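To start, the structure under review is shown below, and the notes come after it.
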Amino acid sequence: MVKSSLISIQDLRITSQSAEKVLISNVNLEIGKGEIVGLIGESGSGKSLTARAVMRLLPPDMKVSGKIFYKGTDVLAVNPKEHRHLLGSGIGMIFQDYRGSFTPFIKIGNQMIETIRTHYKMTKNEAKSIALTVLEEMGLESKRVYDSYSFQLSGGQVQRAAIAMSLALKPDLIICDEMTTALDVMSGERVLDYIDQIRNKTGCSVLMITHDLALAYKRTDRMYVMNQGEIVEEGLPEQIRCHHKHPYTKKLCSCLLALPAKKSIQKKRAYSV
Amino acid sequence: MRKTLSIVASRLVQLLIMVSVLSFVTFVLMKVTPGDPIRDLLNVDDVVATKADEEKLKKEYEFDQPILVQYGKWILNVMHFDLGESIISKRPVIEMIVSRLPATIALTTGGMVVLFLLSISFGTLGAVYEGRWPDFISRWVAMLGASIPSFWLGLLLIYFFSLKLNLLPVMGKGTLAHFVLPSITLGVAMAPMYIRLLRERLISTLQSPYIEAARARGLTKERILFLHALRGSLIPLITMFGLSIGSLIGGVTVIEILFSWPGMGELIVSSVKQRDYPVIQGYILIVGFLVVITNLIVDLLYLVVNPQIKQGKETV
Amino acid sequence: MEPALIKSRALKLIHDPTMTIGLFLALLLGGVTILGGWLVPHDPFQINMNNRLQGTSFDHWFGTDQLGRDVFSRIIYGAKLTIGLGVFAIMIAVVIGVPIGLFSGFIGGRVDAFLMRIVDGILSFPDFILAIAIAGMLGPNLTNLIIAIVLVRWIVYARVVRGLVLAEKEKEYVLVSKVSFSSAFKTIRMHLIPQILPDIIVMAAIDVGKVILLISAFSYIGLGAQPPIPEWGAMLNEGRSYFQVVPSLMIYPGLAIMLTVLCCNLLGDGLKNYFDIRKRRG
């Protein structure tokens, strides 16, 4: 099913040392090159922890076991310096809280230059031209955004700038953690359109973490359902929606169906039934 | 702009209230004081004072008039930048104090440099290694620093570095070497609360989403700590500086006496001993002014370093 | 309180190393302060010019000063002064400040606004400078210094207590007791005081240290205790010309001040943890 695996999470298990509690266990997840994979579940189900394990952003009192292979190397085993390099040029991440996407008292442009030059040897001017190009590609007024602090922009603009930032590093995988949750519907859709667009253009993979089933149906190639720290189901969006096996998925879906259905979903439904 | 104006206005109001309350209180205290200042003054010269001498002096310093009249006259003079003249040296008070100002400011600057270095290093150490032994060291440095009397620390430093090791000059002012010991003493005396505050702020900053985002971008640890986290954590220290300017002026006074540093503090202490009232009053007025102006500068600086407030989006 | 509860609380107190060291120092210093008069081997004021500037010996543990007085005896005797005055000044400040803060916060409204306006005005002025002003106006001596300290410190307590009262007032139990017609006095005694007591104790512990530093600093610059009073700061002032010859004249009084202030800071920190002040306030 997976064409050629980009990242493969195997038997991931996270425990908190202080409370000796298992936070997530038996997480197996695979993303192919160029795929958009959804990871859905309600808040507290362990989606974000999984993503943070890949980024090695977990607090030091959490213990991680299992393997995460990215292009054949185990992300959890490499030394911090190599991992840091991986983060810049391989895996980018967009967070839910757009106010925290950039450091508030440094101009966005300077942060972009800083990040680009951390990972690629180039002059300030070269980095600046890259920054302006990717901001432009994200449909932003590049000059203005470049010279702004993050709080001077709208949430949607900040998230697009954050995508632009990771795009500047030519990533192979972008992890979007509830990227649109804090945005209004229109800006959220727009941000997601840009994600689609860059995926088509660069062929990078996307891990879309969300609690919004409708979004996942519409935007992903394949999805995983997570509940209480475990992955309970995996499949194509239609499978998850119509032929789910796990009771939790059923519950999730029935919640969604109670909402007014979106046009695109109606189309898909007509096709698959 | 509007915000800036309102800050300036409220500080000016504070200045007015503070100066009028304090000057009035000192006036009243002077009046009800049990020791007669005129008699004290005559005794300084070690001559037998006659009743006539006393009357003459009283007239000269207008001590015979009602207190409100004296106060009113003083305030009127203050408005013309005239703080009267010293009873002892007969020089204008404002000139005496202003001539001492540069030495005090120089010493304070030296102390600030030491303070900055100490609080950044130990505050960062405590935050980055929270709960581990460097944090323990940071905590005890702050604890001991808060407990050691600054003048005793100064004495110890003089004893070891000047008398035993002969490395640095003991007292006075002149070369850069003269700055070293007084600055260290002042810096150490002020550092503890800054160390603790910086440590706490840095710990909470390091957990904030924007630091996580910076880590996710693969920036180096050092870059994140010094350029992203530390900068955000230093902002509350600026406010702290405004609040502690008073104890700073107090601390400088003791250190000036200790090192025979010819600043404002040395002037005021000798004036208090000689009960040179015009100088004391002038000093209080000028210190009040300095405190308010410093706080005004701190307020404005806060606007500059924290661009969010200018937008009216105040963050906690 | 039940014995088991007392025991578990006592254990919790001792478990914290900060607190253990602090308590140990407090016992030591408290003992010296109270028993000072009986402990001194020599008369702290007895001048003996034949025996001046002696180093440490069996008879004079900390040596003798420039007038031949026994330094150890003077330090022990001085504890009563330095520590006693520090504690005394803060006690007075608490006794004045807490009721005013309670009153102002509990009454609220215009009285409160008026009181706090005054308080803010004075608080923004450095206490050190105010102490200098008062010393300058009333004359430099220990009594005037204590007056100055109390004048500034009570305000700090009034301010803090008022803030705490305002916060507690919002909570339900105070509202309930108002509705049930129990008098305001009773509400304050039964509900507010137990709530604010821990904060006051912690503040007072740390403040005693600060005041001791202030008193000794003032005595050192000659605006506090005057010779021959064996206040520790004044002792350092008196002996400062002889430090190079007899370093013990410098070391021991300073060490005594530092240990005392350290004790206050340790107790303050330990009690803060014990009462969980930060956690309680969220």
Side-chain angles (χ1 to χ4, degrees), chain A residues 18 48 51-52 54-61 80-107 110-120 148-153 158-159 161-162 165-166 168-169 171 174-175 177 182, chain B residues 1 3 125-135 198 201-239 300-316:
Chain A
S18 48
S48 292
R52 279 173 172 71
V54 176
M55 308 300 283
R56 295 223 293 218
L57 288 175
L58 293 170
D61 62 335
K81 203 181 159 195
E82 283 172 62
H83 184 261
R84 214 167 45 66
H85 187 67
L86 206 75
L87 286 184
S89 50
I91 313 172
M93 185 160 176
I94 319 289
F95 294 89
Q96 168 175 2
D97 185 1
Y98 61 86
R99 281 159 306 185
S101 292
F102 292 94
T103 303
F105 42 77
I106 304 178
K107 286 185 177 162
N110 290 338
Q111 296 191 56
M112 293 182 77
I113 288 187
E114 174 190 33
T115 309
I116 294 168
R117 293 186 68 201
T118 302
H119 297 291
Y120 297 98
S148 296
Y149 296 102
S150 61
F151 58 85
Q152 291 170 325
L153 305 175
V158 173
Q159 289 303 55
M165 164 96 91
S166 56
L169 302 170
I174 299 180
I175 300 178
D177 184 3
Chain B
M1 199 56 217
K3 185 106 188 163
L125 210 60
V128 173
Y129 298 97
E130 188 192 353
R132 284 184 279 165
W133 64 265
D135 187 18
L198 180 62
R201 293 308 300 233
L202 197 52
I203 286 175
S204 72
T205 305
L206 284 172
Q207 289 163 350
S208 64
Y210 69 80
I211 295 300
E212 189 175 44
R215 286 170 65 196
R217 290 201 297 271
L219 300 182
T220 60
K221 251 185 175 171
E222 297 74 27
R223 236 196 142 81
I224 293 174
L225 180 62
F226 292 110
L227 286 156
H228 293 252
L230 205 52
R231 197 169 148 188
S233 313
L234 283 175
I235 292 172
L237 262 69
I238 295 173
T239 318
L300 296 179
L301 199 63
Y302 197 73
L303 283 187
V304 176
V305 293
N306 197 348
Q308 267 162 292
I309 297 178
K310 248 187 285 183
Q311 305 274 314
K313 291 181 188 170
E314 203 141 346
T315 48
V316 180

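Quick note on labels: first sequence line is chain A, next is B, and so on, each numbered from 1. If you're wondering where the values come from, they're calculated on a predicted model, not measured in any experiment. Scope of the values below: all heavy atoms of this structure, side chains included, with no hydrogens, waters or symmetry mates.
- Both the backbone and the side chain of F102(A) have a heavy atom closer than 4.5 Å to some heavy atom of chain B.
- For R52(A), the part lying near chain B is the side chain, with the backbone staying farther off; criterion is any non-hydrogen pair under 4.5 Å.
- For I106(A), the part sitting under 4.5 Å from any heavy atom of chain B is the side chain, from C-beta outward, and nothing else.
- Looking at Q96(A), there are no atoms closer than 4.5 Å to chain B (heavy atoms on both sides), in backbone or side chain.
- Across K81(A), E114(A), H119(A), the residue that shares the most heavy-atom pairs under 4.5 angstrom with chain B is E114(A).
- In this structure, L230(B) CG and I235(B) CD1 are separated by 11.0 Å, a value rounded to the nearest 0.5 Å.
- Counting only heavy atoms from C-beta outward, the side chains of H228(B) and L219(B) approach each other to under 4.5 Å.
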Tell me, with the steps shown, if L169(A) and R217(B) meet side-chain contact (heavy atoms from CB on, under 4.5 Å).
-> CA-CA 9 Å; L169(A) 302 170; R217(B) 290 201 297 271; 5.6 Å; no
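- Between the CD1 atom of I94(A) and the CD atom of Q159(A) there is a distance of 6.5 Å, given to the nearest 0.5 Å.
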Output, in order, the C-alpha distance, side-chain angles, deciding distance and verdict of side-chain contact (heavy atoms from CB on, under 4.5 Å) for L202(B) and L225(B).
-> CA-CA 9 Å; L202(B) 197 52; L225(B) 180 62; 4.3 Å; yes
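- Contact annotation for S101(A): only backbone heavy atoms (N, CA, C, O) come within less than 4.5 Å of a heavy atom of chain B.
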